[in-house]
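Convention: sequence-line order gives letters A, B, ...; per-chain numbering from 1.
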There are 2 protein chains.
Amino acid sequence: MPTASDFKRMLRDASLRVTSPRIAVLSAVHQHPHSDTDSIIGIVRDGLGAVSHQAVYDVLRALTAAGLLRRIEPPGSPARYEARVGDNHHHIVCRSCGVIADVDCAVGEAPCLTASDDHGFEIDEAEVIYWGICSGCSTSTSS
Amino acid sequence: MPTASDFKRMLRDASLRVTSPRIAVLSAVHQHPHSDTDSIIGIVRDGLGAVSHQAVYDVLRALTAAGLLRRIEPPGSPARYEARVGDNHHHIVCRSCGVIADVDCAVGEAPCLTASDDHGFEIDEAEVIYWGICSGCSTSTSS
DNA sequence: CCGTTTTCTTGAATGAGTCAAGTTTTTGAG
DNA sequence: CTCAAAAACTTGACTCATTCAAGAAAACGG
């Protein structure tokens with residue numbers, strides 16, 4: 001797990017100013033991947049004390065734009081964030097409890113799939129969401 | 001394009017009551033695939049006069065649950081609906097203007113992809129969204 | 001250390017969708 | 001055809017996630 005100085009370096013390398021909210025958000029997402037914005041706000045406040053929700057929204061947007069975080073938006077859920085970027089992996093979402101797990105992409109680079117008909121689009125990414133029931137939910141439901 | 005009596009039969013076959021809002025919504029989605037809820041409300045009102053937005057939300061939910069419509073939710077866009085159901089096709093979304101096109105699935109049945117690691121999930125669907133720039137946007141941007 | 005620029009705080013506002021109570025419509029049974 | 005029960009629709013308030021806006025505070029190059 002990266003340390004605070006690692007996060008500072010990441011921010012500098014991305015030409016972003018180093019602030020405590022940014023370090024706290026980076027740290028929170030590294031420690032709790034697939035968290036939604038509200039959870040991240042809670043984790044950040046546990047570490048720093050009062051931080052406005054707006055600051056967290058701003059930070060998440062800046063870090064996502066800089067490529068330090070990735071935003072995922074499964075239908076039916078608020079936006080979630082993860083720190084694993086650049087490897088074009090995919091996700092499995094549980095239809096019952098909403099938990100998300102990572103799925104490695106066999107190809108690794110986007111777009112990892114070719115459309116049967118691209119309709120003239122210049123396709124740069126193929127995003128895959130697998131839907132199913134996680135092991136915890138399937139056992140509790142079938143019992 | 002199906003007629004009003006076709007829509008009535010579809011509703012009866014799905015054990016749903018036949019009402020004018022339902023026929024109008026079915027017709028609207030058949031004629032304007034990938035429309036968002038607000039556009040559908042507008043189209044329905046053009047045909048029927050006053051219809052509450054709540055009625056359209058209720059109808060869309062009932063028709064989706066009955067399998068007559070499919071709901072699609074590209075990140076950054078409100079929910080959209082289409083009448084092409086049952087063939088597990090996918091979508092291309094333009095990053096610039098948001099327009100959506102259908103992409104046939106080579107396999108046809110869900111799940112059409114196998115995850116490299118299913119993490120113990122029982123996967124029933126693999127949803128693919130291709131992201132890119134449509135031909136209209138790429139020509140206007142490059143000029 | 002200072003000024004500029006960026007970021008954060010505060011608080012209001014927006015958009016999509018849901019909740020709830022009451023009225024109307026549909027439809028199967030008589 | 002008529003009626004009652006169930007389902008659907010209307011109205012209007014409300015929630016949630018997110019954004020907008022204006023001013024205060026912090027970062028950092030010089």
Mind checking if A/Ser52 touches a base, just sugar-phosphate, or nothing, with heavy atoms under 4.0 Å?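 Contact class for A/Ser52: base.
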At under 4.0 Å between heavy atoms, what does A/Ala50 touch on the DNA or RNA strands: base, sugar-phosphate, or nothing?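 Sugar-phosphate, backbone atoms only, no base.
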Is the backbone N or O of A/Ile133 less than 3.5 Å from a side-chain atom of A/Arg95, with the two atoms forming a donor-acceptor pair by type? no
Examine C/dT6: is either OP1 or OP2 under 4.0 Å from a nitrogen or oxygen in the side chain of A/Thr19? Give yes or no. no
Whole angstrom is fine here: how far is it from [atom1] in [X] over to [atom2] in [N]?
| X | N | atom1 | atom2 | answer |
| --- | --- | --- | --- | --- |
| B/Arg22 | C/dT25 | CZ | C1' | 11 Å |
| B/Leu11 | D/dC9 | CG | P | 10 Å |
| A/Ile41 | C/dT9 | CD1 | P | 11 Å |
| A/Asp58 | D/dA26 | CG | P | 17 Å |

Test salt bridge (Lys or Arg N to Asp or Glu O under 4.0 Å) applied to A/Arg71 and A/Glu73, step by step: CA-CA 7 Å; A/Arg71 177 185 174 113; A/Glu73 295 170 69; 2.9 Å; yes
Step-by-step side-chain hydrogen bond (donor to acceptor under 3.5 Å, both in side chains) determination, A/Asp102 to A/His34: CA-CA 9 Å; A/Asp102 288 337; A/His34 311 139; 2.9 Å; yes
How does protein reach along nucleotides 11-20 of chain C, written 5' to 3' as B (base within reach of a heavy atom under 4.0 Å), S (only sugar-phosphate), or - (no contact)? B----SBBB-
Would you check if B/Leu11 and B/Ile23 make a side-chain contact, meaning some heavy-atom pair closer than 4.5 Å? yes
How far does CG of A/Leu68 sit from CZ of A/Arg22, to the nearest 0.5 angstrom?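 Between A/Leu68 CG and A/Arg22 CZ, I get 10.0 Å after rounding to 0.5 Å.
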For B/Leu16 and for A/Ala55, find the nucleotide of DNA chain C with the closest heavy atom, then tell me which residue's nucleotide is more 5'.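 First, find each residue's nearest nucleotide; the 5'-ward one identifies A/Ala55.
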Plane angle bin for B/His30 and B/Phe7 - parallel if under 30°, tilted between 30 and 60°, otherwise perpendicular: tilted
Any donor-acceptor pair, under 3.5 Å, between the side chain of A/Arg17 and the base of C/dT5, if you only look at N and O atoms? yes
